[in-house]
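Only one structure is covered here, and it is reproduced in the block below.
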Amino acid sequence: MPKRIAGTVLPVMVLICVAGLQATAQSFRVQCPTSTITHPAALTNVNAEPAYTGPTTFTTAAPSANSAGGYLVPSGNVNGAIKCQQISGGDGYSTMGDGHQTYMFSFGPLSGISDISNGLPGTEFPIVFNNPITAALPGVTLVPGDPATTGVVYNGAVGQVPDLDNGNIIDGHVDPRQIMDIGVMNGNIPAPLMAIDEDDEFFLTLTNVGMIMRPDLFEQHTVHFHGYPNASSFYDGVPDASVAINIGGSFTYYYLAPDAGTYFWHCHITPPEHLQMGMVGQIYVRPRQNRVPSTTTLYAALQAQQLDLRTACNTTADILCSNPLPAVNTGALGGGKYAYNDGDGSTYYDVEYPLQIHGFDPNFHFVGMTFNPEGFADMKDKYFLLNGRSYPDTVTTGSLETQSADGVNHFSQPLPSLINIPHNGKALLRISDLDVSEYQTLASLGIPMKVVGYNAKLLRDQAGNNLYYTTNSITLAGGESLDVILDSTGVPAGTYYLYTPNLDHLSNDAENFGGLMTEVIVN
(Lines give C-alpha, C1' and ligand atoms only; values in the text may rest on other atoms or scores of the structure.)
Protein backbone atom coordinates (compact mmCIF):
# COMPACT_ATOMS: atom_id res chain seq x y z
CA MET A 1 0.00 0.00 0.00
CA PRO A 2 1.19 3.56 -0.56
CA LYS A 3 1.74 4.20 3.13
CA ARG A 4 3.99 1.20 3.55
CA ILE A 5 6.00 2.04 0.46
CA ALA A 6 6.50 5.58 1.66
CA GLY A 7 7.43 4.39 5.13
CA THR A 8 10.10 1.94 4.02
CA VAL A 9 12.10 3.92 1.46
CA LEU A 10 14.45 5.67 3.90
CA PRO A 11 15.08 2.74 6.28
CA VAL A 12 15.88 0.39 3.40
CA MET A 13 18.39 2.87 1.97
CA VAL A 14 20.02 3.42 5.37
CA LEU A 15 20.21 -0.27 6.17
CA ILE A 16 21.83 -1.09 2.83
CA CYS A 17 24.60 1.33 3.81
CA VAL A 18 24.91 -0.23 7.25
CA ALA A 19 25.03 -3.71 5.75
CA GLY A 20 27.93 -2.59 3.57
CA LEU A 21 29.86 -1.43 6.62
CA GLN A 22 29.27 -4.73 8.38
CA ALA A 23 30.46 -6.72 5.38
CA THR A 24 33.83 -4.97 5.39
CA ALA A 25 34.42 -4.43 9.11
CA GLN A 26 32.08 -6.87 10.87
CA SER A 27 31.34 -4.05 13.27
CA PHE A 28 28.56 -3.62 15.79
CA ARG A 29 26.11 -0.82 14.96
CA VAL A 30 22.73 0.41 16.13
CA GLN A 31 20.08 2.46 14.41
CA CYS A 32 17.36 4.69 15.84
CA PRO A 33 16.47 7.64 13.60
CA THR A 34 14.87 10.74 15.06
CA SER A 35 13.01 11.57 11.85
CA THR A 36 11.81 9.47 8.90
CA ILE A 37 9.66 9.87 5.81
CA THR A 38 6.68 8.38 7.64
CA HIS A 39 7.31 10.23 10.91
CA PRO A 40 8.97 13.56 10.06
CA ALA A 41 10.10 15.39 13.18
CA ALA A 42 8.94 18.66 11.59
CA LEU A 43 5.32 17.46 11.75
CA THR A 44 5.16 15.33 14.89
CA ASN A 45 6.87 14.54 18.19
CA VAL A 46 8.43 11.15 17.46
CA ASN A 47 9.04 10.63 21.20
CA ALA A 48 5.37 10.49 22.22
CA GLU A 49 2.18 8.76 21.17
CA PRO A 50 -0.29 11.35 19.83
CA ALA A 51 -4.02 11.12 20.52
CA TYR A 52 -5.90 9.38 17.70
CA THR A 53 -8.24 11.89 16.08
CA GLY A 54 -8.25 10.48 12.55
CA PRO A 55 -6.04 8.84 9.93
CA THR A 56 -2.67 10.27 8.96
CA THR A 57 -3.09 12.77 6.13
CA PHE A 58 -0.90 12.38 3.05
CA THR A 59 0.27 14.35 0.06
CA THR A 60 2.46 13.54 -2.94
CA ALA A 61 6.14 14.26 -2.40
CA ALA A 62 7.60 16.86 -4.74
CA PRO A 63 10.78 16.16 -6.70
CA SER A 64 14.00 17.09 -4.95
CA ALA A 65 17.75 16.81 -5.45
CA ASN A 66 17.67 13.31 -3.92
CA SER A 67 14.38 11.97 -5.23
CA ALA A 68 12.05 12.06 -8.20
CA GLY A 69 9.15 12.42 -5.78
CA GLY A 70 5.74 10.95 -6.52
CA TYR A 71 5.36 8.88 -3.35
CA LEU A 72 3.08 9.67 -0.41
CA VAL A 73 4.33 11.57 2.62
CA PRO A 74 2.46 12.86 5.69
CA SER A 75 1.19 16.40 5.24
CA GLY A 76 -0.61 17.13 8.50
CA ASN A 77 -1.99 14.77 11.10
CA VAL A 78 0.60 12.05 11.87
CA ASN A 79 -0.16 8.97 13.96
CA GLY A 80 2.26 6.83 15.92
CA ALA A 81 5.85 7.44 16.94
CA ILE A 82 9.32 5.95 16.49
CA LYS A 83 10.41 3.11 18.80
CA CYS A 84 13.76 1.33 19.01
CA GLN A 85 15.26 -1.69 20.73
CA GLN A 86 18.59 -3.53 20.70
CA ILE A 87 19.08 -7.20 21.58
CA SER A 88 22.00 -9.60 21.68
CA GLY A 89 22.15 -13.11 20.27
CA GLY A 90 24.27 -15.42 22.40
CA ASP A 91 23.97 -17.86 25.28
CA GLY A 92 23.49 -17.97 29.03
CA TYR A 93 22.03 -19.91 31.95
CA SER A 94 18.68 -20.01 33.71
CA THR A 95 17.56 -21.70 36.93
CA MET A 96 14.65 -24.12 36.94
CA GLY A 97 12.15 -24.52 39.78
CA ASP A 98 14.11 -27.40 41.33
CA GLY A 99 17.33 -25.37 41.40
CA HIS A 100 18.84 -27.00 38.31
CA GLN A 101 20.83 -24.66 36.07
CA THR A 102 20.00 -24.97 32.39
CA TYR A 103 22.20 -23.83 29.52
CA MET A 104 20.52 -21.78 26.78
CA PHE A 105 21.06 -20.31 23.38
CA SER A 106 19.16 -17.09 23.91
CA PHE A 107 18.60 -13.41 23.28
CA GLY A 108 19.40 -10.77 25.86
CA PRO A 109 18.72 -7.04 26.28
CA LEU A 110 21.13 -4.43 24.95
CA SER A 111 18.71 -1.55 25.48
CA GLY A 112 16.06 -0.92 28.09
CA ILE A 113 18.08 -3.12 30.45
CA SER A 114 16.51 -1.57 33.56
CA ASP A 115 12.96 -1.80 32.17
CA ILE A 116 13.56 -5.43 31.15
CA SER A 117 14.85 -6.27 34.65
CA ASN A 118 11.61 -4.84 36.07
CA GLY A 119 9.43 -7.02 33.85
CA LEU A 120 8.64 -4.28 31.34
CA PRO A 121 9.15 -4.12 27.57
CA GLY A 122 12.58 -2.86 26.53
CA THR A 123 11.17 -0.83 23.63
CA GLU A 124 12.14 2.85 23.91
CA PHE A 125 11.55 6.20 22.24
CA PRO A 126 14.59 7.67 20.39
CA ILE A 127 15.16 10.24 23.14
CA VAL A 128 15.82 7.38 25.57
CA PHE A 129 17.49 4.93 23.19
CA ASN A 130 19.93 7.50 21.81
CA ASN A 131 21.07 8.69 25.24
CA PRO A 132 24.59 7.28 25.82
CA ILE A 133 25.41 6.20 29.35
CA THR A 134 28.19 8.81 29.39
CA ALA A 135 25.49 11.48 29.07
CA ALA A 136 22.79 9.75 31.14
CA LEU A 137 25.12 8.71 33.98
CA PRO A 138 28.45 10.55 33.70
CA GLY A 139 31.34 8.56 35.09
CA VAL A 140 29.40 5.29 35.16
CA THR A 141 30.64 2.28 33.20
CA LEU A 142 28.48 -0.77 32.58
CA VAL A 143 29.99 -4.05 33.77
CA PRO A 144 29.08 -7.70 33.10
CA GLY A 145 25.74 -8.57 34.64
CA ASP A 146 24.33 -5.06 34.80
CA PRO A 147 21.79 -4.19 36.07
CA ALA A 148 21.98 -7.29 38.30
CA THR A 149 25.58 -6.52 39.29
CA THR A 150 25.47 -2.86 40.30
CA GLY A 151 21.80 -1.93 40.04
CA VAL A 152 22.55 0.82 37.52
CA VAL A 153 19.36 2.35 36.07
CA TYR A 154 19.89 2.82 32.34
CA ASN A 155 17.61 2.22 29.35
CA GLY A 156 19.62 3.60 26.45
CA ALA A 157 21.40 1.52 23.81
CA VAL A 158 24.33 -0.27 25.42
CA GLY A 159 27.61 0.80 23.87
CA GLN A 160 26.27 3.75 21.92
CA VAL A 161 28.80 6.60 21.98
CA PRO A 162 29.26 9.84 20.04
CA ASP A 163 31.10 9.35 16.75
CA LEU A 164 34.30 11.38 17.09
CA ASP A 165 35.02 11.01 13.37
CA ASN A 166 31.63 12.43 12.41
CA GLY A 167 31.30 15.62 14.37
CA ASN A 168 30.82 13.92 17.76
CA ILE A 169 27.19 13.09 16.93
CA ILE A 170 25.04 10.07 17.77
CA ASP A 171 24.84 8.10 14.52
CA GLY A 172 24.83 4.44 15.53
CA HIS A 173 28.52 4.26 16.37
CA VAL A 174 29.20 1.98 19.37
CA ASP A 175 31.90 0.88 21.76
CA PRO A 176 32.07 -2.91 21.21
CA ARG A 177 33.63 -3.47 24.66
CA GLN A 178 30.43 -2.31 26.37
CA ILE A 179 28.30 -4.52 24.12
CA MET A 180 30.43 -7.57 24.86
CA ASP A 181 30.51 -6.83 28.60
CA ILE A 182 26.71 -6.75 28.80
CA GLY A 183 25.72 -9.09 25.95
CA VAL A 184 27.97 -12.08 26.67
CA MET A 185 26.34 -14.81 28.81
CA ASN A 186 23.34 -12.50 29.25
CA GLY A 187 20.68 -14.65 27.61
CA ASN A 188 17.12 -14.23 28.90
CA ILE A 189 14.23 -16.68 29.00
CA PRO A 190 11.90 -15.58 27.61
CA ALA A 191 13.73 -13.27 25.23
CA PRO A 192 13.41 -9.51 25.82
CA LEU A 193 9.79 -8.34 25.80
CA MET A 194 8.77 -5.91 23.04
CA ALA A 195 5.70 -3.67 22.85
CA ILE A 196 4.73 -1.09 20.24
CA ASP A 197 1.64 0.87 19.26
CA GLU A 198 -0.24 0.80 15.99
CA ASP A 199 1.25 3.23 13.46
CA ASP A 200 4.69 3.17 15.14
CA GLU A 201 7.88 2.64 13.18
CA PHE A 202 9.99 0.07 15.01
CA PHE A 203 13.75 -0.27 14.55
CA LEU A 204 15.11 -3.47 16.12
CA THR A 205 18.87 -4.04 16.13
CA LEU A 206 20.15 -7.60 16.59
CA THR A 207 23.81 -7.87 17.58
CA ASN A 208 25.38 -11.35 17.46
CA VAL A 209 27.90 -11.62 20.32
CA GLY A 210 28.55 -15.34 19.84
CA MET A 211 27.98 -18.33 22.12
CA ILE A 212 30.85 -18.39 24.57
CA MET A 213 30.19 -21.91 25.87
CA ARG A 214 30.17 -23.27 22.32
CA PRO A 215 33.04 -21.49 20.53
CA ASP A 216 33.00 -24.24 17.91
CA LEU A 217 29.61 -23.03 16.67
CA PHE A 218 29.68 -20.10 14.29
CA GLU A 219 25.92 -19.70 14.69
CA GLN A 220 24.08 -17.02 12.78
CA HIS A 221 20.90 -15.56 14.27
CA THR A 222 17.82 -13.79 12.96
CA VAL A 223 14.57 -12.33 14.27
CA HIS A 224 11.33 -13.69 12.83
CA PHE A 225 8.06 -12.13 14.03
CA HIS A 226 5.73 -15.13 13.94
CA GLY A 227 2.37 -14.30 12.34
CA TYR A 228 3.28 -10.63 12.06
CA PRO A 229 2.22 -9.03 8.75
CA ASN A 230 5.52 -7.54 7.62
CA ALA A 231 5.53 -5.12 4.72
CA SER A 232 8.70 -6.68 3.36
CA SER A 233 10.12 -10.20 3.44
CA PHE A 234 13.57 -8.59 3.68
CA TYR A 235 12.90 -8.07 7.40
CA ASP A 236 11.05 -11.33 8.01
CA GLY A 237 14.04 -13.13 9.51
CA VAL A 238 13.69 -16.28 7.39
CA PRO A 239 17.24 -16.56 6.01
CA ASP A 240 16.10 -17.99 2.68
CA ALA A 241 14.36 -14.71 1.82
CA SER A 242 16.07 -12.36 4.25
CA VAL A 243 19.48 -12.07 5.89
CA ALA A 244 21.24 -13.79 8.79
CA ILE A 245 23.58 -12.04 11.20
CA ASN A 246 27.08 -13.41 11.74
CA ILE A 247 29.05 -13.28 14.98
CA GLY A 248 30.52 -9.80 15.37
CA GLY A 249 27.84 -8.15 13.24
CA SER A 250 24.66 -6.17 13.73
CA PHE A 251 21.56 -5.71 11.62
CA THR A 252 18.58 -3.40 12.12
CA TYR A 253 15.14 -4.76 11.28
CA TYR A 254 12.43 -2.30 10.29
CA TYR A 255 8.72 -2.73 10.94
CA LEU A 256 5.68 -0.53 10.56
CA ALA A 257 3.36 -1.60 13.37
CA PRO A 258 0.42 -3.49 11.88
CA ASP A 259 -2.81 -4.77 13.42
CA ALA A 260 -3.09 -4.82 17.21
CA GLY A 261 -2.71 -8.12 19.03
CA THR A 262 -0.30 -10.57 20.62
CA TYR A 263 2.51 -12.08 18.55
CA PHE A 264 5.77 -13.80 19.34
CA TRP A 265 9.22 -13.80 17.80
CA HIS A 266 12.08 -16.25 17.53
CA CYS A 267 15.33 -17.04 15.77
CA HIS A 268 14.72 -18.71 12.40
CA ILE A 269 18.12 -20.42 12.17
CA THR A 270 17.51 -24.17 12.75
CA PRO A 271 14.24 -23.26 14.53
CA PRO A 272 13.61 -26.57 16.37
CA GLU A 273 17.00 -26.27 18.04
CA HIS A 274 17.09 -22.55 18.75
CA LEU A 275 13.47 -22.44 20.00
CA GLN A 276 14.02 -25.41 22.32
CA MET A 277 17.21 -23.79 23.58
CA GLY A 278 15.36 -20.56 24.44
CA MET A 279 15.62 -18.12 21.52
CA VAL A 280 12.00 -17.03 21.67
CA GLY A 281 9.99 -14.15 23.15
CA GLN A 282 6.84 -12.08 22.84
CA ILE A 283 5.84 -8.86 21.12
CA TYR A 284 2.46 -7.22 21.32
CA VAL A 285 0.90 -4.28 19.49
CA ARG A 286 -1.38 -1.89 21.36
CA PRO A 287 -4.42 -0.61 19.40
CA ARG A 288 -5.07 2.92 18.22
CA GLN A 289 -8.17 2.82 20.38
CA ASN A 290 -5.97 3.35 23.47
CA ARG A 291 -5.24 6.85 22.16
CA VAL A 292 -8.84 7.88 21.49
CA PRO A 293 -9.74 10.91 23.66
CA SER A 294 -12.33 10.45 26.41
CA THR A 295 -14.61 12.91 24.60
CA THR A 296 -14.86 10.71 21.48
CA THR A 297 -16.96 7.57 21.11
CA LEU A 298 -15.06 4.41 20.25
CA TYR A 299 -17.54 3.72 17.45
CA ALA A 300 -16.81 7.08 15.78
CA ALA A 301 -13.05 6.50 16.15
CA LEU A 302 -13.32 3.09 14.49
CA GLN A 303 -15.37 4.66 11.71
CA ALA A 304 -12.52 7.12 11.18
CA GLN A 305 -10.11 4.20 10.82
CA GLN A 306 -12.02 3.09 7.74
CA LEU A 307 -10.36 6.04 5.96
CA ASP A 308 -6.91 4.59 6.64
CA LEU A 309 -5.75 2.59 3.62
CA ARG A 310 -3.96 0.06 5.80
CA THR A 311 -6.95 -0.91 7.96
CA ALA A 312 -9.96 0.06 5.87
CA CYS A 313 -12.96 -2.27 5.78
CA ASN A 314 -14.60 -1.18 2.56
CA THR A 315 -17.41 -3.72 2.48
CA THR A 316 -18.83 -6.38 4.76
CA ALA A 317 -17.43 -8.95 2.31
CA ASP A 318 -13.85 -7.80 2.87
CA ILE A 319 -12.32 -10.94 4.41
CA LEU A 320 -9.03 -9.12 5.02
CA CYS A 321 -10.74 -6.58 7.24
CA SER A 322 -9.25 -6.98 10.72
CA ASN A 323 -11.57 -4.64 12.65
CA PRO A 324 -15.17 -4.53 11.38
CA LEU A 325 -17.48 -2.05 13.05
CA PRO A 326 -19.46 -3.66 15.89
CA ALA A 327 -23.05 -4.62 15.13
CA VAL A 328 -24.21 -2.41 18.00
CA ASN A 329 -23.04 1.11 18.81
CA THR A 330 -22.76 1.05 22.60
CA GLY A 331 -21.78 4.71 22.84
CA ALA A 332 -18.66 3.79 24.86
CA LEU A 333 -16.16 6.64 25.14
CA GLY A 334 -12.37 6.50 24.79
CA GLY A 335 -9.83 7.09 27.48
CA GLY A 336 -9.23 3.48 28.55
CA LYS A 337 -6.99 0.53 27.70
CA TYR A 338 -8.16 -2.09 25.21
CA ALA A 339 -6.84 -5.26 23.65
CA TYR A 340 -8.17 -4.38 20.18
CA ASN A 341 -9.90 -1.67 18.19
CA ASP A 342 -13.31 -3.04 19.13
CA GLY A 343 -15.43 0.12 18.72
CA ASP A 344 -17.68 -0.90 21.61
CA GLY A 345 -15.35 -1.08 24.63
CA SER A 346 -15.76 -4.85 24.97
CA THR A 347 -11.99 -5.56 25.24
CA TYR A 348 -11.39 -3.03 28.04
CA TYR A 349 -8.98 -4.03 30.80
CA ASP A 350 -7.38 -2.53 33.91
CA VAL A 351 -4.09 -4.46 34.02
CA GLU A 352 -2.26 -6.62 31.50
CA TYR A 353 0.12 -9.56 31.83
CA PRO A 354 2.19 -11.24 29.11
CA LEU A 355 2.25 -15.00 29.70
CA GLN A 356 4.66 -17.02 27.60
CA ILE A 357 4.40 -20.80 27.80
CA HIS A 358 7.56 -22.75 27.12
CA GLY A 359 9.08 -26.16 27.80
CA PHE A 360 12.66 -27.36 28.27
CA ASP A 361 14.19 -30.77 27.68
CA PRO A 362 17.12 -30.81 30.15
CA ASN A 363 18.93 -33.57 28.27
CA PHE A 364 18.75 -31.64 24.99
CA HIS A 365 20.19 -28.57 26.73
CA PHE A 366 22.93 -30.60 28.40
CA VAL A 367 24.18 -32.20 25.21
CA GLY A 368 23.90 -28.81 23.52
CA MET A 369 26.45 -27.50 26.00
CA THR A 370 28.78 -30.51 25.99
CA PHE A 371 29.55 -30.80 22.26
CA ASN A 372 27.41 -33.93 21.81
CA PRO A 373 24.89 -34.66 19.03
CA GLU A 374 21.43 -33.34 19.90
CA GLY A 375 18.64 -35.90 19.85
CA PHE A 376 15.84 -34.17 18.00
CA ALA A 377 13.72 -37.32 17.64
CA ASP A 378 13.92 -37.96 21.40
CA MET A 379 13.17 -34.38 22.45
CA LYS A 380 10.83 -34.46 25.47
CA ASP A 381 10.11 -31.51 27.73
CA LYS A 382 10.56 -32.09 31.46
CA TYR A 383 10.37 -28.48 32.67
CA PHE A 384 7.21 -26.52 31.93
CA LEU A 385 7.52 -22.77 32.17
CA LEU A 386 5.46 -19.60 32.38
CA ASN A 387 7.63 -16.61 31.47
CA GLY A 388 10.71 -18.79 31.80
CA ARG A 389 9.87 -20.04 35.31
CA SER A 390 8.29 -23.09 36.92
CA TYR A 391 6.08 -22.88 39.99
CA PRO A 392 6.81 -21.71 42.68
CA ASP A 393 9.25 -19.35 40.94
CA THR A 394 6.37 -18.08 38.79
CA VAL A 395 5.00 -16.13 41.78
CA THR A 396 8.38 -14.76 42.87
CA THR A 397 8.34 -11.05 42.14
CA GLY A 398 11.31 -9.32 40.58
CA SER A 399 14.02 -10.76 38.37
CA LEU A 400 15.56 -14.16 39.04
CA GLU A 401 19.35 -14.09 39.05
CA THR A 402 21.55 -16.92 37.81
CA GLN A 403 25.32 -17.08 38.10
CA SER A 404 26.76 -17.89 34.69
CA ALA A 405 30.08 -19.38 33.65
CA ASP A 406 31.64 -15.91 33.86
CA GLY A 407 31.12 -15.98 37.64
CA VAL A 408 28.68 -13.05 37.46
CA ASN A 409 24.98 -12.98 38.30
CA HIS A 410 22.66 -12.13 35.41
CA PHE A 411 18.94 -11.32 35.36
CA SER A 412 18.26 -14.36 33.20
CA GLN A 413 14.55 -14.68 34.08
CA PRO A 414 13.22 -11.15 34.48
CA LEU A 415 9.49 -11.69 34.00
CA PRO A 416 7.27 -12.99 36.84
CA SER A 417 3.78 -14.27 36.12
CA LEU A 418 2.00 -13.46 39.40
CA ILE A 419 -1.33 -11.90 38.40
CA ASN A 420 -2.89 -9.16 40.53
CA ILE A 421 -6.42 -8.01 39.66
CA PRO A 422 -8.12 -5.09 41.39
CA HIS A 423 -11.46 -6.05 42.95
CA ASN A 424 -14.19 -5.91 40.27
CA GLY A 425 -11.45 -5.23 37.73
CA LYS A 426 -10.28 -6.91 34.54
CA ALA A 427 -6.90 -8.39 33.62
CA LEU A 428 -5.81 -8.96 30.03
CA LEU A 429 -3.65 -12.06 29.67
CA ARG A 430 -1.54 -12.06 26.51
CA ILE A 431 -0.86 -15.79 26.22
CA SER A 432 1.64 -17.19 23.71
CA ASP A 433 2.71 -20.82 23.38
CA LEU A 434 6.41 -20.87 22.53
CA ASP A 435 6.73 -24.61 22.94
CA VAL A 436 8.42 -26.85 20.38
CA SER A 437 7.12 -30.30 21.22
CA GLU A 438 3.95 -30.07 23.36
CA TYR A 439 0.39 -28.78 23.35
CA GLN A 440 -0.27 -26.76 26.51
CA THR A 441 -3.47 -26.18 28.47
CA LEU A 442 -4.16 -23.52 31.10
CA ALA A 443 -7.22 -23.65 33.35
CA SER A 444 -8.75 -21.02 35.61
CA LEU A 445 -11.03 -22.04 38.45
CA GLY A 446 -13.21 -19.41 40.11
CA ILE A 447 -12.55 -16.65 37.59
CA PRO A 448 -13.99 -17.16 34.09
CA MET A 449 -11.74 -16.67 31.06
CA LYS A 450 -13.23 -14.59 28.23
CA VAL A 451 -11.31 -15.19 25.00
CA VAL A 452 -11.42 -12.06 22.81
CA GLY A 453 -8.58 -12.62 20.36
CA TYR A 454 -6.89 -15.53 18.60
CA ASN A 455 -3.56 -15.30 16.78
CA ALA A 456 -3.63 -11.49 16.97
CA LYS A 457 -7.13 -11.18 15.49
CA LEU A 458 -10.24 -9.88 17.21
CA LEU A 459 -12.88 -12.60 17.46
CA ARG A 460 -15.59 -10.88 15.40
CA ASP A 461 -17.36 -11.81 12.19
CA GLN A 462 -17.61 -9.53 9.18
CA ALA A 463 -21.14 -8.50 10.19
CA GLY A 464 -19.74 -7.05 13.41
CA ASN A 465 -20.96 -9.74 15.81
CA ASN A 466 -18.58 -10.45 18.69
CA LEU A 467 -17.57 -14.10 18.79
CA TYR A 468 -15.97 -14.00 22.23
CA TYR A 469 -16.47 -17.09 24.35
CA THR A 470 -16.19 -17.82 28.05
CA THR A 471 -14.38 -20.92 29.26
CA ASN A 472 -12.43 -22.29 32.20
CA SER A 473 -9.52 -23.60 30.10
CA ILE A 474 -7.67 -22.88 26.87
CA THR A 475 -5.36 -25.11 24.83
CA LEU A 476 -2.61 -23.87 22.57
CA ALA A 477 -0.14 -25.43 20.18
CA GLY A 478 3.32 -24.03 19.62
CA GLY A 479 3.10 -20.80 17.63
CA GLU A 480 -0.42 -19.85 18.73
CA SER A 481 -1.57 -16.94 20.87
CA LEU A 482 -4.76 -15.98 22.70
CA ASP A 483 -5.94 -12.77 24.31
CA VAL A 484 -7.93 -13.63 27.42
CA ILE A 485 -9.70 -11.32 29.89
CA LEU A 486 -10.15 -12.37 33.52
CA ASP A 487 -13.08 -10.43 35.03
CA SER A 488 -13.13 -10.34 38.83
CA THR A 489 -16.53 -8.64 39.04
CA GLY A 490 -18.38 -10.32 41.92
CA VAL A 491 -15.41 -12.61 42.64
CA PRO A 492 -14.48 -12.70 46.35
CA ALA A 493 -11.04 -11.37 47.23
CA GLY A 494 -8.47 -14.12 47.60
CA THR A 495 -5.92 -16.28 45.80
CA TYR A 496 -6.86 -18.33 42.76
CA TYR A 497 -4.78 -20.49 40.43
CA LEU A 498 -4.02 -20.53 36.75
CA TYR A 499 -2.57 -23.97 36.05
CA THR A 500 -2.41 -26.85 33.62
CA PRO A 501 -4.70 -29.84 34.13
CA ASN A 502 -2.10 -31.96 32.31
CA LEU A 503 -0.75 -33.58 35.45
CA ASP A 504 2.58 -34.56 33.93
CA HIS A 505 3.15 -30.86 33.19
CA LEU A 506 2.80 -30.00 36.89
CA SER A 507 6.35 -31.08 37.54
CA ASN A 508 9.93 -29.85 37.59
CA ASP A 509 11.73 -32.72 35.90
CA ALA A 510 11.85 -35.51 38.53
CA GLU A 511 9.90 -33.48 41.11
CA ASN A 512 6.20 -34.24 41.00
CA PHE A 513 5.14 -30.69 41.83
CA GLY A 514 5.64 -27.24 40.30
CA GLY A 515 5.58 -26.75 36.55
CA LEU A 516 3.00 -24.82 34.60
CA MET A 517 1.15 -22.93 37.33
CA THR A 518 0.84 -19.44 38.79
CA GLU A 519 -1.38 -17.54 41.21
CA VAL A 520 -4.11 -14.98 40.55
CA ILE A 521 -4.71 -12.60 43.42
CA VAL A 522 -7.93 -10.59 43.58
CA ASN A 523 -7.23 -7.62 45.83
Side-chain angles (χ1 to χ4, degrees), residues 8 11-33 84-92 104-112 122-123 129 157-160 171-188 190-192 194 202-226 228 230 232-255 264-275 277-281 283:
T8 57
V12 170
M13 292 172 63
V14 173
L15 289 176
I16 288 173
C17 296
V18 173
L21 289 173
Q22 294 159 2
T24 58
Q26 283 296 290
S27 61
F28 294 150
R29 302 280 290 182
V30 296
Q31 184 180 6
C32 186
C84 302
Q85 194 159 349
Q86 183 185 17
I87 57 174
S88 63
D91 55 2
M104 305 180 292
F105 304 164
S106 45
F107 296 104
L110 284 177
S111 67
T123 315
F129 186 92
V158 170
Q160 184 157 229
D171 61 358
H173 185 74
V174 299
D175 175 0
R177 169 62 187 268
Q178 289 282 285
I179 286 178
M180 294 301 289
D181 278 349
I182 302 302
V184 168
M185 298 303 297
N186 195 39
N188 281 193
M194 304 175 187
F202 184 34
F203 294 82
L204 172 65
T205 298
L206 169 60
T207 297
N208 190 341
V209 300
M211 293 186 290
I212 305 305
M213 297 299 294
R214 287 299 305 269
D216 61 312
L217 294 179
F218 296 90
E219 294 282 287
Q220 297 175 314
H221 296 303
T222 69
V223 171
H224 170 67
F225 281 5
H226 191 91
Y228 187 102
N230 280 342
S232 169
S233 61
F234 186 68
Y235 302 108
D236 193 48
V238 179
D240 311 75
S242 178
V243 294
I245 297 82
N246 290 318
I247 297 172
S250 299
F251 180 78
T252 299
Y253 293 87
Y254 169 79
Y255 310 95
F264 81 91
W265 61 279
H266 61 87
C267 179
H268 219 293
I269 301 293
T270 58
E273 177 190 28
H274 285 200
L275 268 72
M277 294 298 290
M279 303 201 84
V280 64
I283 178 171

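All values derive from a computational prediction rather than experimental measurement. The residues of the chain are indexed from 1 along the displayed sequence.
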[X] to [Y] - nearest heavy-atom pair and separation:
| X | Y | result |
| --- | --- | --- |
| Pro190 | Gly281 | CB-CA, 4.4 Å |
| Trp265 | Ile283 | CD1-N, 4.0 Å |
| Pro109 | Pro192 | N-CG, 3.6 Å |
| Gly159 | Gln178 | CA-CB, 3.7 Å |
| Ser242 | Gly237 | OG-N, 3.6 Å |
| Arg29 | Val174 | N-CG2, 4.3 Å |

Discussion item. Before we go on, tell me: are the rings of His266 and His226 under 6.0 Å apart, centre to centre?
Written reply: yes
Worksheet item: What about Tyr254 and Phe203, are their ring centers closer than 6.0 Å?
Response: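 Yes - the distance between ring centres of Tyr254 and Phe203 falls below the 6.0 Å cut-off.
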Any heavy-atom pair between the side chains of [Y] and [X] that's under 4.5 Å?
| X | Y | value |
| --- | --- | --- |
| Glu273 | Glu219 | yes |
| Asp91 | Arg214 | no |
| Phe28 | Val158 | no |
| Gln85 | Leu204 | yes |
| Val30 | Leu110 | no |

Roughly how far apart are [X] [atom1] and [Y] [atom2], rounded to 0.5 Å?
| X | Y | atom1 | atom2 | result |
| --- | --- | --- | --- | --- |
| Ile245 | Gln220 | CD1 | CD | 8.0 Å |
| Phe251 | Asn208 | CZ | CG | 13.5 Å |
| Phe218 | Asn246 | CZ | CG | 10.5 Å |
| Tyr255 | Met194 | OH | CE | 7.5 Å |
| His268 | Phe225 | NE2 | CZ | 13.0 Å |
| Leu275 | Thr270 | CG | OG1 | 9.5 Å |

Worksheet item: Between Thr207 and Ser88, do the side chains contain an N or O donor and an N or O acceptor separated by less than 3.5 Å?
Response: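 Side-chain D/A pair, Thr207 to Ser88: absent.
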Discussion item. Looking only at the side chains, is there a donor atom on one of Thr205 and Gln31 sitting less than 3.5 Å from an acceptor on the other?
Written reply: no
Practice prompt. Kindly determine whether Phe234 and Val243 satisfy side-chain contact (heavy atoms from CB on, under 4.5 Å), including the steps that lead there.
Written response: CA-CA 7 Å; Phe234 186 68; Val243 294; 4.0 Å; yes
Worksheet item: Under 3.5 Å, is there a donor-acceptor pair between the side chain of His224 and the main chain of Asp236?
Response: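 Flag set: sc His224 to bb Asp236 pair under 3.5 Å.
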Worksheet item: Is a donor on one side and an acceptor on the other found under 3.5 Å between the side chain of Ser106 and the backbone of Met279?
Response: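 Between the backbone of Met279 and the side chain of Ser106 there is no qualifying donor-acceptor contact (under 3.5 Å).
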